[in-house]
There are 2 protein chains.
Amino acid sequence: MSDLLGRLRERGWRLTSQRRVVAEVLDGEHVHLTADEVHARAVERLPEISRATVYNALGELVTLGEVVELSTDGRAKRYDPNARHPHHHLVCSRCGTIRDVHPTGDLMTGLAAEERFGFTVSKVEVTYRGLCPACAGQDA
Amino acid sequence: MSDLLGRLRERGWRLTSQRRVVAEVLDGEHVHLTADEVHARAVERLPEISRATVYNALGELVTLGEVVELSTDGRAKRYDPNARHPHHHLVCSRCGTIRDVHPTGDLMTGLAAEERFGFTVSKVEVTYRGLCPACAGQDA
DNA sequence: ATCCTACGATGGACGCAATCCAAGTCAAGA
DNA sequence: TCTTGACTTGGATTGCGTCCATCGTAGGAT
Ligand SMILES: [Mn+2]
Ligand SMILES: [Mn+2]
Ligand SMILES: [Zn+2]
Ligand SMILES: [Zn+2]
């Protein structure tokens, strides 16, 4: 918990019951939920909240920089409320489990100016892929 | 051009006219096409090739390690025939342009053993995001 | 050269994730 | 309390990809 609601209120985010519930679901656990998973948890607190509203709220939280959107596979995007702690991800290629990692060293320096093609690079995403302990210990 | 077809033949890949065309489309240009873009170019050479066949062929080329599948955004996956030259990507956040980059330094070393949570890490993907020169020079 | 058959191709139906939309509802300032 | 622009809703729609029953054929066998 990191007082996400407090920050949102200060920034003048119009606070509806639906938005409050979405923010609470995200703030509660530092996991990487899909939009439908967020919706499922939101429904437990506010039964009639719609999927469209969850998508709308998530999109705004991403725009506000309070949540990071991840597309680690070609499936549903995942929403990461741990946006204030820059970090990268370790993903299991078999079961999809995602863990936060904090590699050392400045990754930006690896990209020489001649390799930037005139781009203004603003962020770097690193995804480490492999097998988690559970999946590595299985046959086939 | 890197004799993709030659390697495939040596590996016993059953060579149909459809598969030949898909391989030729990919081998011809070192770009990052979507499945539908590959299909469009394949149709120019073999008008009745189906989308399902293109998806099948791309999936096998990925399994064979001859093509890399990219999910840089939440949109259509892109297929990279430059799989024999390990590299990373620089992506424009506005227009989606993708460029190959070859950062220096060993990125794997940044992830300490204590940070691996028992995973057997087999590869690292790095995506640099920012604005390309054309998009940076536009208002709004 | 011809035959055989297991593997590949086809295209239309289907599934999932996400967005769009017109109509109804409400938070928050006056 | 009143007003109004912003938010919510759920059903339709889109985009991307997969599935499947059926047809066709590459390539080994003869
Ligand atoms: Mn995370
Ligand atoms: Mn590439
Ligand atoms: Zn796993
Ligand atoms: Zn651009």
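Labels below follow one simple rule: chain letters A, B, ... track the order of the sequence lines, proteins then strands, and each chain is numbered from 1. What you see below is based on every heavy atom in this structure, not just the backbone, and it leaves out hydrogens, waters and symmetry mates.
Nucleic acid contact class of A:Arg51 (heavy atoms, under 4.0 Å, all strands): none. Across all strands, A:Thr53 comes closer than 4.0 Å to base atoms (heavy-atom distances). B:Ala76 comes within 4.0 angstrom of sugar-phosphate atoms only, judged by non-hydrogen atoms across all strands, and of no base.
In this structure, CZ of B:Arg14 is placed 7 Å from C1' of C:dA6, rounded to the nearest angstrom. Here the P atom of nucleotide C:dG11 and the NE2 atom of B:His39 are 9 Å apart, to the nearest Å. Straight-line distance from the OH atom of A:Tyr55 to the C1' atom of D:dG10: 14 Å, rounded to whole Å. Atom pair B:Leu15:CG and C:dG8:P shows a separation of 12 Å (rounding to whole Å applied). One interatomic measurement links the two molecules: CG of A:Asp73 to P of C:dC16, which rounds to 15 Å at whole-angstrom precision. D:dT14 atom C1' lies 13 Å from atom CG of B:Asp36, rounded to whole Å. Rounded to an integer number of Å, the gap from B:Leu8 CG to D:dA26 P is 17 Å. Between B:Trp13 atom CH2 and C:dA6 atom P the separation is 22 Å, expressed in whole Å.
Distances from the side chain of B:Ala52 to the nucleotides C:dG11, D:dG27, D:dG10 place C:dG11 closest. Taking only side-chain atoms of B:Ala35, from C-beta outward, the nucleotide of D:dG24, C:dA28, D:dG17 with the closest atom is D:dG17. Listed candidates were D:dC7, D:dG10, C:dA9. Nearest to the side chain of B:Gln18 is C:dA9.
Of the two residues near DNA chain D, B:Tyr79 and A:Ser17, the one whose nearest nucleotide lies more 5' is A:Ser17. Each of B:Asn56 and B:Arg78 was matched to the nucleotide of DNA chain D holding its nearest heavy atom; the match closer to the 5' end belongs to B:Arg78.
For A:Thr16 and D:dT8, the shortest distance from a side-chain N or O to OP1 or OP2 is below 4.0 Å. In terms of phosphate contacts, A:Arg19 brings a side-chain nitrogen or oxygen within less than 4.0 Å of OP1 or OP2 of D:dT8. B:Arg75 has a side-chain polar atom (N or O) that falls below the 4.0 Å cut-off from OP1 or OP2 of D:dC16.
Without hydrogens or angle criteria, A:Ser93 side chain to A:Gly130 main chain gives a donor-acceptor distance under 3.5 Å. For B:His39 (side chain) and B:Thr53 (main-chain N/O), no donor-acceptor pair under 3.5 Å exists by modelled atom type.
Ion pair B:Arg11/B:Glu66 flagged as a salt bridge, since at least one NZ, NE, NH1 or NH2 atom sits closer than 4.0 Å to an Asp/Glu carboxylate oxygen. Using a 4.0 Å cut-off between a side-chain N of Lys or Arg and a carboxylate O of Asp or Glu, A:Glu115 and B:Arg99 do not qualify as a salt bridge.
Residue A:Glu24 forms a salt bridge (charged side-chain N to carboxylate O under 4.0 Å, His left out) with just one option from A:Arg45, A:Arg41, A:Arg19, and that option is A:Arg45.
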